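Quick notes on the structure that follows.
Side chains included, hydrogens not; waters and symmetry mates left out as well; all remaining heavy atoms used. For this chain, numbers begin at 1 and follow the sequence in order. These numbers were taken from a predicted model, which means no experiment stands behind them. Each ligand, and each atom within it, is numbered from 1 in the order the structure gives.
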Amino acid sequence: MPVVVARDLSVQLGGGTVLDRVHLTADPGQIVAVQGVNGCGKSTLLRCLSGLLRPGSGEVEVLGGPPSGDPAFWRQVGLLAEEPAWYPGLTVREHLALVALTHGVTTPVDRALADFELTARAAASPLALSAGQRQRLALAATMARPSRLLLLDEPEQKLDAGFRDRLAAMLRAYAHAGGTVVLATHDAALVAAMDATALWMRDGRLTRTGPVPA
Ligand SMILES: Nc1ncnc2c1ncn2[C@@H]1O[C@H](COP(=O)(O)OP(=O)(O)OP(=O)(O)O)[C@@H](O)[C@H]1O
């Protein structure tokens with residue numbers, strides 16, 4: 001059974017059509033990567049899939065029902081969209097410890113710090129991190145806990161090339177273990193490295209074909 005089903009999704013914003021009868025499905029173990037130019041509607045699609053935006057028409061089913069927005073839903077779904085608000089009085093380690101405690105993660109926090117290359121900054125406040133380090137912390141907070149679905153809006157943002165490769169490997173492993181990923185991205189190399197199903201958004205429509213090379 002698919003983890004994500006979107007049928008005939010349409011969204012109008014600011015008087016224009018942003019999503020136009022979009023269909024999308026994502027199965028367990030599948031990584032679906034949506035690419036397309038700035039403003040083509042990728043984030044809007046992810047907002048619909050996460051239940052943060054109600055489509056004007058069409059249907060979304062996530063894990064067998066409409067995205068409900070209650071804690072039980074979010075415990076199964078990891079979302080990386082806008083940068084989260086950090087607690088200035090908590091360190092990087094304490095943020096990840098909070099996530100681990102809340103989600104019953106038994107793997108030591110040191111492991112997540114190492115996986116996301118944050119060990120050397122574990123005692124810092126998130127506000128004292130570089131932009132790329134903060135992106136890694138946001139990814140760690142999303143990925144270092146159990147979930148069945150990851151919805152990621154441009155997870156490659158601000159990451160260096162080495163960590164992008166690492167991210168691809170981590171997402172591949174997540175999918176290999178049965179997780180589902182739907183992401184919006186501008187990084188074609190990341191899509192290839194993850195062996196993802198590549199989709200393109202153009203004029204509010206989702207297609208399987210990318211831009212024709214010039
Ligand atoms: N609240 C809003 N009111 C009006 N128009 C909006 C609103 N939010 C988004 N839009 C418009 O909807 C379109 C799609 O925006 P969206 O953020 O989904 O694009 P995107 O593909 O994620 O772009 P990017 O690659 O720049 O992140 C854009 O033209 C944007 O200007």
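A heavy-atom distance below 4.5 Å is not found between the side chains of T185 and E154.
Looking at Q76 and S147, their side chains never bring a donor and an acceptor atom within 3.5 Å of each other.
Applying the side chain to side chain donor-acceptor pair (under 3.5 Å) rule to R93 yields the partners D110; only residues at least two apart in sequence or on another chain are considered. In this view, D27 satisfies the salt bridge (Lys or Arg N to Asp or Glu O under 4.0 Å) rule with no residue, not counting sequence neighbours.
Annotation: ring pair (Phe, Tyr, Trp, His ring centres under 6.0 Å) contacts involving residues 137-188, sequence neighbours excluded, are absent.
Annotation: ligand 1 has protein neighbours L13, G14, V18, V37, N38, G39, C40, G41, K42, S43, T44, E154, H186, each with a heavy atom less than 4.0 angstrom from the ligand.
By the neighbour-count criterion of 12 heavy atoms within 6.0 Å, atom CG of D70 is densely surrounded, having more than that number from other residues, nucleotides or ligands.
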